[in-house]
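Take a look at the structure set out below.
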Amino acid sequence: MKINKTNFKDLVIIDKSLFLDNRGYFYRDFCTKILKKLNFKIKQINFSFNKKKYTLRGFHFQKKPCEEDKIITCVKGEMLNVSIDLRKNSKTFQKVYKVKLNEKNNKSIYVPKGFANAFLTLKNNTKIIYYMSEYYNPSKADAIRYNDRYFNISWPHKPEVISKKDKSIKDYEPK
């Protein structure tokens, strides 16, 4: 495993070494020893199965004191992960970071506290696993609409499958 910095403070891409042989492949998905720099402790693991390509989920986050770090991996299919920096004292405040994750590139993204996160699936039957540093707390859950004009996110394809909840989020109010 190797941690690669991005131009966003604390947001990193994790590359995993893939070992192939006649049986298939093997890789280490999580290692506290290597990821200790992130000070990440798993409290919850979530799994998302998305039947249709162009399914959109997000932008979701939790407010203080329940903010969460996430490690997100696409284990089957392909997705575009999009993160928005909502940390007011950050040089990249209200900026967007995008990365494609799929079963072949063997990467994960570490999304630190203070980011809203969304993804759009690019293939049918996409499966995603999230390691979470906090428990889900519905009273602290918040969201930004995927097509909010303030952020003007450019998606590679118009999202086709979106929950009613994600469609009905109010406009973002810049602070």
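One-based numbering along the sequence shown. Remember, it's a predicted structure, so these values are computed and weren't measured experimentally.
- Taking all atoms of both residues into account, the shortest heavy-atom contact from Phe93 to Arg87 is CD1-O, 3.2 Å.
- Glu103 places a side-chain N or O within 3.5 Å of a backbone atom of Gly77 that can act as its donor or acceptor partner.
- Side-chain atoms of Lys16 and Ser108 form a donor-acceptor pair, as typed in the model, at a separation below 3.5 Å.
- Tyr172 pairs with exactly one of Arg145, Gln94, Arg149 by the side chain to side chain donor-acceptor pair (under 3.5 Å) rule, that one being Gln94.
- For Asn105 (side chain) and Lys100 (main-chain N/O), a donor-acceptor pair under 3.5 Å exists by modelled atom type.
- Atom CD1 of Ile84 sits about 4.0 Å away from atom CZ of Phe59, to the nearest 0.5 Å.
- Judged purely by atom type and a 3.5 angstrom limit, Lys43 has no side-chain atom pairing as donor or acceptor with the backbone of Glu68.
- One N or O on the side chain of Trp155 and one on the backbone of Tyr146 form a donor-acceptor pair closer than 3.5 Å.
- Residue Cys66 comes nearest to Lys140 through the heavy atom pair SG-CG, 3.7 Å, listed as atom of the first residue, atom of the second, then distance.
- Remark: Phe49 CZ to Asn125 CG distance equals 4.5 Å, nearest 0.5 Å.
- Separation of atoms CG (Asn106) and OH (Tyr25) is listed at 7.5 Å; rounding is to 0.5 Å.
- Taking every heavy atom of both residues into account, Leu122 and Met79 meet most closely at CD1-C, 4.0 Å.
- Ile14 and Phe8 are not part of a single hydrophobic cluster, where members link through side-chain heavy atoms under 4.5 Å apart.
- Heavy-atom minimum distance, Ile109 versus Ser83: CD1-OG, 4.2 Å.
- A donor-acceptor contact shorter than 3.5 Å links the side chain of Asp166 to the backbone of Gly58.
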(request) Take Lys41 and Asn39 through the test side-chain contact (heavy atoms from CB on, under 4.5 Å) and record every step on the way to the result. (result) CA-CA 7 Å; Lys41 292 183 173 86; Asn39 196 26; 3.9 Å; yes

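- The hydrophobic cluster containing Ile71 does not contain Tyr97, counting ILVMFWY residues as joined when their side-chain heavy atoms lie under 4.5 angstrom apart, directly or transitively.
- With hydrophobic clusters built from ILVMFWY side chains whose heavy atoms lie under 4.5 angstrom apart, Leu35 shares a cluster with Tyr27.
- For the residue pair Asn50 / Ser48, a side-chain donor-acceptor distance below 3.5 Å is found, with atom types taken as modelled.
- For Asn89, the CG atom sits in a loose shell: 12 or fewer heavy atoms of surrounding residues, nucleotides or ligands are nearer than 6.0 Å.
- The cluster map of Ile, Leu, Val, Met, Phe, Trp and Tyr, joined by side-chain heavy atoms under 4.5 Å apart, puts Ile128 and Ile13 in the same cluster.
- Note that CE of Met132 and CD1 of Ile42 are 11.0 Å apart. Values are rounded to the nearest 0.5 Å.
- A perpendicular orientation is assigned to the rings of Tyr110 and Phe40, their planes being inclined by more than 60° (bins at 30° and 60°).
- Across all non-hydrogen atoms, the minimal contact from Ala141 to Lys63 is O-CE, 4.4 Å.
- Shortest non-hydrogen contact noted between Ser90 and Asp85 is OG-OD2, 2.7 Å.
- Ring pair His157/Tyr54 is parallel by interplanar angle, where below 30° counts as parallel and above 60° as perpendicular.
- Without hydrogens or angle criteria, Thr55 side chain to Thr121 main chain gives no donor-acceptor distance under 3.5 Å.
- Thr73 places no side-chain N or O within donor-acceptor distance of the main-chain N or O of Val75, the cut-off being under 3.5 Å.
- A distance of 7.5 Å separates CG in Asn124 from OG1 in Thr126, rounded to the nearest 0.5 Å.
- Heavy-atom contacts from other residues, nucleotides or ligands closer than 6.0 Å to NZ of Lys98 number more than 12.
- Taking hydrophobic clusters as Ile, Leu, Val, Met, Phe, Trp and Tyr residues chained together by side-chain heavy-atom distances below 4.5 Å, Leu120 shares a cluster with Ile144.
- Panel note: side chain Asp69, backbone Lys113; a donor-acceptor pair is recorded below 3.5 Å.
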(request) Apply side-chain contact (heavy atoms from CB on, under 4.5 Å) to Asp29 and Tyr131, showing your working. (result) CA-CA 10 Å; Asp29 194 48; Tyr131 297 104; 2.5 Å; yes

(request) Could you walk me through whether Asp171 and Tyr150 pass side-chain contact (heavy atoms from CB on, under 4.5 Å), step by step? (result) CA-CA 8 Å; Asp171 286 338; Tyr150 183 80; over 6 Å; no

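- To the nearest 0.5 Å, atom CZ of residue Arg28 and atom CZ of residue Phe19 are 7.5 Å apart.
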(message) Go through it in stages, so that I can follow the logic: the residues are Thr92 and Asn7, the test is side-chain contact (heavy atoms from CB on, under 4.5 Å), and I'd like the CA-CA distance, side-chain angles, deciding distance and then a yes or no.
(response) CA-CA 8 Å; Thr92 53; Asn7 55 343; 5.7 Å; no

